[in-house]
Amino acid sequence: MGVQTDSLLRYRPWRGTPRGPLWGAAAVARVAVRLLAGRRLFWGLAALGLMVFFFFFYAQYLFVWIKTFTDETVRFAGVPVAVADLSKFLGRVNLDGSVHTFGNYVWFQGYILVIVLALAGSVLVGNDFAHGSLPFYLSKPIARRHYLLGKVLAVGAVVNLFTTLPAVVLWVQAGLLFDWHTYYVDNFHLLVGILGYGLLLTVTLGLLTVATAVWVRRTVPMVMAWVGPFVLLRMIAEWVVDGLKYDPRWRLIDLWNDLYLCGLWCLGADPRTIRPPAQPDVWEAALVVAGVCGGCLLYLRRRVQAVEIVQ
Amino acid sequence: MGPPIPTEALLRTDSGRGSDSSLVTDDCSLKPLLLFEHASKWYGPVLALNQVTLELTGGITGLVGANGAGKSTLLRLATGQIAPTLGRVTVRGTDARDWRARRLVGYCPDADAFYEDLSGRRFVRVMARLCGYARREADRRTDAALDLVGMTGRADRPLRGYSKGMRQRVKLAQALLHDPELLVLDEPLSGIDPVGRQDLLGLFRQLAATGKCLLVSSHELEALEKLTDHVVVMARGRVAAVGTLQQIRDRLDDYPLSVRVEVDRPREVARRLLALPEVVGVEVDAAGLVVRAHHPKRFFAAFGRLTVEDGWEVRRLEPLDESAHAVLGYLLGGSGRT
């Protein structure tokens with residue numbers, strides 16, 4: 001007797017137990033990341049991010065390699081440079097597997113990340129609102145908070161792909177380049193700090209991206225909205241604090257700097273080593289970050305309860 | 001607009017079986033599948049739904065009404081997309097906004113905007129994962145649902161290349177994925193060719209026969225009439241009438257019923273009928289006569305008596321305005337067009 005394959009395609013009562021809505025949130029995140037990965041622009045920006053990573057990766061290697069030639073000179077474009085000077089320069093830019101290596105890496109990666117998130121926001125969230133895809137999600141057994149959680153997870157995945165994951169790779173590389181027996185043990189707190197910094201970025205940027213995307217929905221306005229906190233406010237803060245020598249608290253209006261200060265605190269950096277030196281206290285920066293997160297949560301809560309979510 | 005008809009639980013039929021209803025609680029099957037209790041919805045200053053009380057327990061129910069009558073709002077409330085400003089909407093006793101209630105509800109929205117880069121199969125699979133199914137079960141259900149709507153062979157193409165009819169089928173597939181007790185379908189026949197329409201109408205009947213409850217909103221009254229004679233008529237945010245078209249028509253006593261009668265002696269029959277108190281007018285033409293009468297039941301009883309007494313040879317007796325169009329026309333005060 002042949003196998004009745006058609007019976008497999010017929011409906012039968014569900015006998016298993018569907019998983020909870022948190023799995024639904026994971027499904028939302030998966031499809032969101034997949035959609036983002038389908039954009040060429042995303043891969044172009046990812047390539048730029050990869051270049052920043054490779055700069056740090058090879059510079060760390062170069063730093064260790066150069067230190068083996070302490071009494072020699074190397075030629076750069078035909079110009080002899082003392083290895084000791086080069087080593088001092090590389091040490092100054094903190095490419096030595098220290099706290100500031102990872103802090104600087106995330107700082108520089110932030111320039112690309114902000115553009116990626118502007119794209120991600122409109123692709124992941126804005127499209128659902130602008131094109132009316134939301135009823136498909138919300139007709140499934142997930143609550144609105146699970147939908148938002150899924151989107152925040154997707155943004156978090158992108159953030160970590162650009163920051164935390166490469167930073168962890170740099171930490172592993174630093175251990176292999178230096179004395180790995182002692183490096184991994186002595187600097188384990190750096191790994192924890194990197195993960196903490198990543199978590200902070202995930203939560204803050206995830207909420208901010210989703211909230212902004214819900215607000216403006218389209219890519220160009222989204223980019224313009226990002227320019228405000230991440231470019232304009234930074235320039236104002238630098239001008240006011242460094243140029244006009246006002247209170248360093250003015251730097252609090254620069255959210256990326258606030259995240260940087262909190263991140264360095266996670267990494268256990270000495271506040272005196274932070275550059276530029278005129279900085280607000282970490283707790284003040286943490287308060288601003290918490291305020292931004294709280295504001296985003298309140299806004300999202302208000303929006304998911306509003307009628308417009310299905311309009 | 002005609003006189004409002006009291007909303008009653010006319011649509012009660014056998015409750016659903018063989019689906020995921022056990023996912024809420026076992027004793028929930030005793031509660032109405034979908035219950036609106038004095039539900040009102042305001043959009044700012046606009047009252048979209050006004051004190052709607054409605055109970056669905058099974059079978060196929062058509063939802064008809066003019067644009068802006070509140071159909072979409074009613075469907076959104078039923079599927080938990082929005083919350084009522086006043087009143088309550090429950091699915092088997094669970095608030096419709098609760099995600100658990102949506103395990104019992106499948107929704108096929110009117111809008112078909114989704115990620116155009118996805119294939120139909122991928123889209124349905126994503127929806128299956130959203131329902132909480134593990135990968136293997138999601139794949140199995142995706143295949144089953146696509147097979148059910150006749151999209152198995154065409155599901156691997158990107159959505160952007162789909163016709164309107166194919167989109168409707170894929171949307172229907174995602175609504176059927178979790179084998180819901182209640183299916184809420186917003187314009188499910190829109191854009192589907194006549195052959196496909198017959199297939200889907202057959203599928204809807206088949207689903208209803210297995211105990212599922214279908215709430216179908218449609219502007220295509222002819223198709224709706226073929227599917228069901230149970231309708232909810234919406235007008236200006238209110239439920240103007242609930243029941244079968246016949247029941248609704250019978251209650252519209254203030255509106256005379258038009259009946260075409262083809263007999264051998266039309267003038268004599270007209271004279272006799274005009275003597276009846278229910279008859280308000282008769283038009284005689286070459287083919288027979290059109291009688292306009294109040295109180296249809298009494299009129300038909302009197303007509304039958306006279307036919308026997310006078311020995312009329314009635315070749316045809318056809319009510320002209322029991323169609324959904326005509327009933328809607330009476331209720332909505334227009335032509336019945338929606």
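Chain naming here is simple, since letters A, B, ... match the order of the sequence lines and numbering starts at 1 in each.
- Atoms CG and CZ, on B:Leu130 and A:Arg30 in that order, are 9.0 Å from each other to the nearest 0.5 Å.
- The local environment of CZ in A:Arg39 is sparse, with at most 12 non-hydrogen atoms from other residues, nucleotides or ligands closer than 6.0 Å.
- Annotation: the span from B:Arg76 atom CZ to A:Ser139 atom OG amounts to 12.5 Å, rounded to 0.5 Å.
- In terms of non-hydrogen atom pairs under 4.5 Å with chain B, the most contact-rich of A:Pro21, A:Gly150, A:Gly20, A:Ala26 is A:Pro21.
- With a 4.5 Å cut-off on non-hydrogen atoms, B:Leu146 does not touch chain A at all.
- By the 6.0 Å contact criterion, CH2 on A:Trp23 is open, its count of non-hydrogen atoms from other residues, nucleotides or ligands being 12 or less.
- With a 4.5 angstrom heavy-atom cutoff, B:Ala175 touches chain A only via backbone atoms.
- For a residue to count as touching a neighbouring chain, one of its non-hydrogen atoms must lie under 4.5 Å from one of that chain's; by this rule A:Val31 touches chain B with the side chain only.
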Assess whether side chain to side chain contact (heavy atoms under 4.5 Å, CB included) is satisfied between A:Arg19 and B:Arg129, documenting all intermediate values.
CA-CA 9 Å; A:Arg19 294 185 284 197; B:Arg129 297 302 297 270; 3.7 Å; yes

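- Taking the six-membered ring for Trp, A:Phe136 and B:Phe123 have ring centres closer than 6.0 Å.
- Looking only at heavy-atom pairs under 4.5 Å with chain B, the residue among A:Ala27, A:Gly38, A:Pro141 that has the most is A:Pro141.
- In this structure, the portion of A:Leu35 lying under 4.5 Å from any heavy atom of chain B is its side chain and not its backbone.
- Residues B:Arg122 and A:Arg34 approach most closely at NH1-NH1, 3.2 Å, considering heavy atoms.
- Looking at every heavy atom in both residues, B:Arg102 comes nearest to A:Ile142 through NH2-O, 2.5 Å.
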